[in-house]
Chemist: 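Please see the structure below; I have some questions.
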Amino acid sequence: MPRFNNKEVAELFANIGDLLEIKGENRFKILAYRKAADNIAGLGQDLFNLWEAGQDLKKIEGIGQAIADKSAELFETGKLEFWEKLIAEVPESLVDVLNIPDVGPKLAKSMWQELGLTTVAEVKAAAQAGKLQTLPRMGAKSEARILASIEALERRDTGRVHLGIAWPLAMTVIATLEKLPEALKVEVAGSLRRMRETIGDLDFLVATEQPEPIMAAFKAMNDVQEVIAAGETKSSVRFRNGLQADLRCLEPSRWGTALQYFTGSQAHNVKVRELAQKKGYSLNEYALTRESDGEKLSFEQEADLYEFLGLAYIPPQLREDRGEIKAAQNKSLPELVQVGDIKGEVHCHSTWSDGAQSIEEMARAAMERGYEYLVITDHSQSLGIANGLTPERLRRQRQEIDDVQAKLPGIRLLQGTEMEIKADGSLDFSDEVLAELDFVVASVHTGLRQDRETLTKRMLAAINNPYVHLIGHPSGRLLTQREAGDFDMEAIMHAAAETGTALEINASPERLDLNDAHVRRAIELGVDLMINCDAHHAAGFENMRFGVATASRGWATAESIVNTLPWEKFAMRLKH
DNA sequence: GCCGTTTTCGGCCCGACTGTTTTCAGTCG
């Protein structure tokens, strides 16, 4: 039986949506496929596992009879007849053509049917030859723009970026705009405000009575390479690093509706607007309009809008249409974990392995953040490339930790290790060595391409070892670079819950591992979670906001995160 | 194709900007 992971299934349904759109199908059908794809991608469990266990897939939001049947057919036979027929009708490669910015379904269809273009390469050649201009409503400017988009795609600089790139750039833009006297309020909206793990573009909102100077300053910023659009209240630019940013200016009285609208997600907004409709209002970014008499209500604060609709305030991280609307109606939203709740970290590196700063420097940085404890977990011996520690070096390191501890009574310093779960399934240290340490993180860094059974077995061996407290970055993914290992996460989470082994939410923006969906599932299963920056230098502790955001997106409260415990309680918890 | 404390059928969100226009379609978010 062929196994498909959620990403593969989601991609198939998303591609179906794309091709149906080119075909000109009913737009709600297209929406339904995309919604199903999104929900499958954000599922904390494998759809395949659920199906294999005989669960009713229709219980998943956005999946009805048709898509449940198609999933079952795919899992049973490894193929989908509907898809085979579809790509016989509409060339599959048009999915890529649709991915070119400024190429939508209408244009893709006309390029295909009028000019016979079915691949990005063919579209590029046609644009270079001036042939796109022959299509209706296409001129030289549109053609040049599409060619530029394709070239940007080829440079791979229009894709999504992780938060480590998007966040600092957004902060720079905000700082620039906030300096303008005309800007009354400045905020980043969109997926960055929701703290999605990757960001496609940046959305900024400014409350102002005078948009012109703000738009001008925005377009004139240092890193702006190109101004894509510039209207009266909206402009778009592209930065040198390829990221696009949109700016909207609006009257302060409409701040609440606008911020809500532009924060999204789209799926969340659709639900909010449906709710407004049921109450007899239509909602857009400017106001809530009563349909009976056209009376317009504007809201200065987002919370007021939510309240008016009978909802508790929904934090941006939850706005993904994953049940938050219902929870806000029942006033049962979780009280999300905050950065300030974190009392210590249990996974960081020093110059003893591949860190850039000494134990003392790391300890002082942790103290400055107000942490009560810090565990130094340098790499273990078999990770030679990171200067992993032998048992003998571990013992010498203990001496240095004790010396620093004597100097810094304000923080509790512990010695741990980030121990390799080796490719052959064994652990890098014997139990005798592990018993000498205060804390053990076990991680997979090698052999991530092994098959599911082998990988899962390796992980379970670590989870079942009585000396292992925490599994570091459990899936092994590197955002925008490397796929997660093919672990059976469900089995791993069950074992973690049973043994009391914690799973990490690694806060490094390249990792964010566990991801939000897995965090939510882990909480359901009663798994202990810990958020760590895996810091390799003092500045690395700044990444905590990303880890906390990921936890929040998984609906985590402080109670779900073990390192929100003060030292005494944390130490007690360790002994169990 | 999905969904239902107003519905198992008939709904399903809305506006800015661009380019090519003679009044608007396409794309995007």
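Letters go in sequence order (proteins before strands), and every chain restarts at 1.
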Chemist: Under 4.0 angstrom, heavy atoms only, what part of the nucleic acid is A:Thr233 near: base, sugar-phosphate, or nothing?
Modeler: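 If one applies the 4.0 Å heavy-atom cut-off, A:Thr233 turns out to touch the sugar-phosphate alone, with no base involved.
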Chemist: Please classify the nucleic acid contact of A:Leu31 as base, sugar-phosphate, or nothing, using heavy-atom distances under 4.0 Å.
Modeler: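 No contact.
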Chemist: Is it the case that the side chain of A:Asn284 and the backbone of A:Ala287 share a donor-acceptor pair, with hydrogens and angles ignored and the cut-off at 3.5 Å?
Modeler: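 Judged by distance alone, yes, a pair lies under 3.5 Å.
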Chemist: Looking only at the side chain of A:Lys141 (C-beta and beyond, no hydrogens), which of the listed nucleotides B:dC2, B:dT18, B:dG19 gets closest?
Modeler: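 Among B:dC2, B:dT18, B:dG19, the one nearest the side chain of A:Lys141 is B:dG19.
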Chemist: Let me know the distance between CZ of A:Arg34 and C1' of B:dG29, rounded to the nearest Å.
Modeler: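 One finds 13 Å between C1' of B:dG29 and CZ of A:Arg34, rounded.
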Chemist: Starting at atom CD1 of A:Ile146, determine the distance to atom C1' of B:dG19, rounded to an integer number of angstrom.
Modeler: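 Distance check: A:Ile146 CD1 to B:dG19 C1' gives 11 Å.
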Chemist: With the side chain of A:Gln277 defined as its heavy atoms from C-beta on, choose the nearest nucleotide among B:dT6, B:dC17, B:dC12.
Modeler: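 Side chain of A:Gln277 sits closest to B:dC12.
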Chemist: Given the P atoms of B:dC17 and B:dG11, what is the spacing between them in whole Å?
Modeler: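 My reading of the P atoms in B:dC17 and B:dG11 gives 33 Å.
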Chemist: Looking for any heavy atom pair under 4.0 Å, which part of the strands does A:Ala140 touch: base, sugar-phosphate only, or nothing?
Modeler: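 Touches sugar-phosphate only.
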Chemist: Give a yes or no on whether a donor-acceptor pair under 3.5 Å exists between the nucleobase atoms of B:dC24, that is its base, and the side chain of A:Arg137.
Modeler: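 Such a pair is found, so the answer is yes.
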Chemist: Any side-chain N or O of A:Lys234 less than 4.0 Å from the OP1 or OP2 oxygen of B:dA16?
Modeler: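 Negative; the distance criterion is not met.
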Chemist: Roughly how far apart, to the nearest Å, are B:dT8 and B:dG1 at atom C1'?
Modeler: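 Approximately 14 Å lies between the C1' atom of B:dT8 and that of B:dG1.
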Chemist: Any side-chain N or O of A:Tyr281 less than 4.0 Å from the OP1 or OP2 oxygen of B:dC14?
Modeler: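 So the side chain of A:Tyr281 is outside the cut-off, no N or O lying under 4.0 Å from OP1 or OP2 of B:dC14.
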Chemist: About how many Å separate CZ of A:Arg290 and OG of A:Ser282, when rounded to the nearest 0.5 Å?
Modeler: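 Going from OG on A:Ser282 over to CZ on A:Arg290, the span is 12.5 Å.
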Chemist: Give the ring-plane orientation class for A:Tyr33 versus A:Phe82, where under 30° counts as parallel, over 60° as perpendicular and anything between as tilted.
Modeler: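 Parallel.
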Chemist: Go nucleotide by nucleotide along DNA chain B from the 5' end; which of A:Ala230 and A:Val270 gets its closest nucleotide reached first?
Modeler: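 The 5'-side residue here is A:Val270.
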Chemist: Which of the following nucleotides, B:dA16, B:dG1, B:dG29, is nearest to the side chain of A:Gln266?
Modeler: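 The answer is B:dG29.
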Chemist: Select from A:Asp201 and A:Glu291 the residue whose nearest nucleotide in DNA chain B is closer to the 5' end of that strand.
Modeler: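 Result: A:Glu291.
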Chemist: Does a side-chain N or O of A:Lys70 approach OP1 or OP2 of B:dG1 to a distance below 4.0 Å, or not?
Modeler: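 It does, given that an N or O in the side chain of A:Lys70 lies less than 4.0 Å from OP1 or OP2 of B:dG1.
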Chemist: Nearest to the side chain of A:Tyr33 - B:dA16, B:dG1, B:dG29?
Modeler: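 Selected nucleotide (nearest to the side chain): B:dG1.
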Chemist: Let's go through A:Val161 and A:Thr480 carefully: what are the C-alpha distance in whole Å and the side-chain angles of both, what is the deciding distance for side chain to side chain contact (heavy atoms under 4.5 Å, CB included) to 0.1 Å, and is it a yes or a no?
Modeler: CA-CA 7 Å; A:Val161 301; A:Thr480 72; 5.8 Å; no
Chemist: Distance check, rounded to the nearest 0.5 Å: A:Leu333 atom CG versus A:Gln329 atom CD?
Modeler: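 Interatomic distance, A:Leu333 CG to A:Gln329 CD, rounded to 0.5 Å: 10.5 Å.
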Chemist: I'd like the P distance from B:dT20 over to B:dC28, given in whole Å.
Modeler: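 Taking atom P in both B:dC28 and B:dT20, they lie 16 Å apart.
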Chemist: Can you check the A:Lys271 NZ to B:dC3 C1' distance for me, whole Å?
Modeler: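 Between C1' of B:dC3 and NZ of A:Lys271: 9 Å.
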Chemist: May I ask you to evaluate whether A:Lys106 reaches the phosphate of B:dG26, defined as a side-chain N or O under 4.0 Å from OP1 or OP2?
Modeler: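 Checking B:dG26 against A:Lys106, a side-chain N or O does come within under 4.0 Å of OP1 or OP2.
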Chemist: Check the pair A:Glu197 / A:His162 against side-chain hydrogen bond (donor to acceptor under 3.5 Å, both in side chains), numbers first and verdict last.
Modeler: CA-CA 6 Å; A:Glu197 60 192 32; A:His162 61 65; over 6 Å; no
Chemist: If the cut-off is 4.0 Å, is A:Ser282 near the phosphate of B:dC14, judged by side-chain N/O to OP1 or OP2?
Modeler: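 The answer is yes; a side-chain N or O of A:Ser282 sits under 4.0 Å from OP1 or OP2.
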Chemist: Go through B:dG15, B:dT27, B:dG1 for me and flag the one nearest to the A:Phe28 side chain.
Modeler: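 Selected nucleotide (nearest to the side chain): B:dG1.
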Chemist: I'd like to check A:Phe239 versus A:Val173 (side-chain heavy atoms, cut-off strictly below 4.5 Å). Are they in contact?
Modeler: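 They are in contact (side-chain heavy atoms under 4.5 Å apart), so the answer is yes.
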Chemist: Mind checking A:Val272 for me? I need base, sugar-phosphate or nothing, with any heavy atom below 4.0 Å counting as a touch.
Modeler: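 Result for A:Val272 = nothing.
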Chemist: B:dC2 and B:dT7: how far apart are their C1' atoms, nearest whole angstrom?
Modeler: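 Straight-line distance between the two C1' atoms is 13 Å.
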Chemist: Can you find a side chain N or O atom of A:Ser142 that sits less than 4.0 Å from OP1 or OP2 on B:dT18?
Modeler: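 Checking B:dT18 against A:Ser142, no side-chain N or O comes under 4.0 Å of OP1 or OP2.
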Chemist: Check the distance between B:dC28's C1' and A:Phe262's CZ and give it to me in whole angstrom.
Modeler: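 Nearest whole value for this atom pair: 11 Å.
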Chemist: Just to be sure I understand the rule, does A:Arg27 reach a base, reach only the sugar-phosphate, or reach nothing, if contact means heavy atoms closer than 4.0 Å?
Modeler: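 No contact.
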Chemist: Regarding B:dG15, can its base be found pairing with the side chain of A:Tyr261 as donor and acceptor, where the two atoms are less than 3.5 Å apart?
Modeler: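 In this structure, the two groups form no donor-acceptor pair.
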Chemist: Counting side-chain heavy atoms from C-beta on, which of B:dC12, B:dG15, B:dC2 comes nearest to A:Ile67?
Modeler: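 Selected nucleotide: B:dC2.
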Chemist: For B:dA16, does either OP1 or OP2 sit under 4.0 Å from a side-chain N or O belonging to A:Ser235?
Modeler: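 No, no such contact exists.
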Chemist: Rounding to a whole Å, what distance do you find between A:Lys29:NZ and B:dC2:C1'?
Modeler: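 Rounded to whole Å, this separation is 12 Å.
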Chemist: If the P atom of B:dG26 is compared with that of B:dT21, how far apart are they to the nearest Å?
Modeler: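 Each nucleotide's P atom is 13 Å from the other's.
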Chemist: Taking CD1 from A:Ile199 and C1' from B:dG29, how many angstroms apart are they, rounded to a whole number?
Modeler: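 So the CD1-C1' distance, A:Ile199 to B:dG29, works out to 14 Å.
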Chemist: Base, sugar-phosphate alone, or nothing: which one does A:Pro105 contact when heavy atoms must sit under 4.0 Å apart?
Modeler: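 It contacts sugar-phosphate atoms only.
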Chemist: Could you check which nucleotide pairs with B:dC9 in any of the strands shown, counting Watson-Crick or G-U wobble with both distances under 3.5 Å?
Modeler: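 Partner of B:dC9: B:dG4.
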Chemist: Whole-Å distance between B:dT27 C1' and A:Met111 CE?
Modeler: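 Rounding to the nearest Å, CE of A:Met111 and C1' of B:dT27 are 13 Å apart.
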Chemist: Please give, in whole Å, the distance from B:dC2 C1' to A:Ile60 CD1?
Modeler: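 It is 14 Å, rounded to the nearest whole Å.
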Chemist: Are A:Tyr286 and A:Tyr261 near enough that their ring centres are under 6.0 Å apart?
Modeler: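 No, too far apart.
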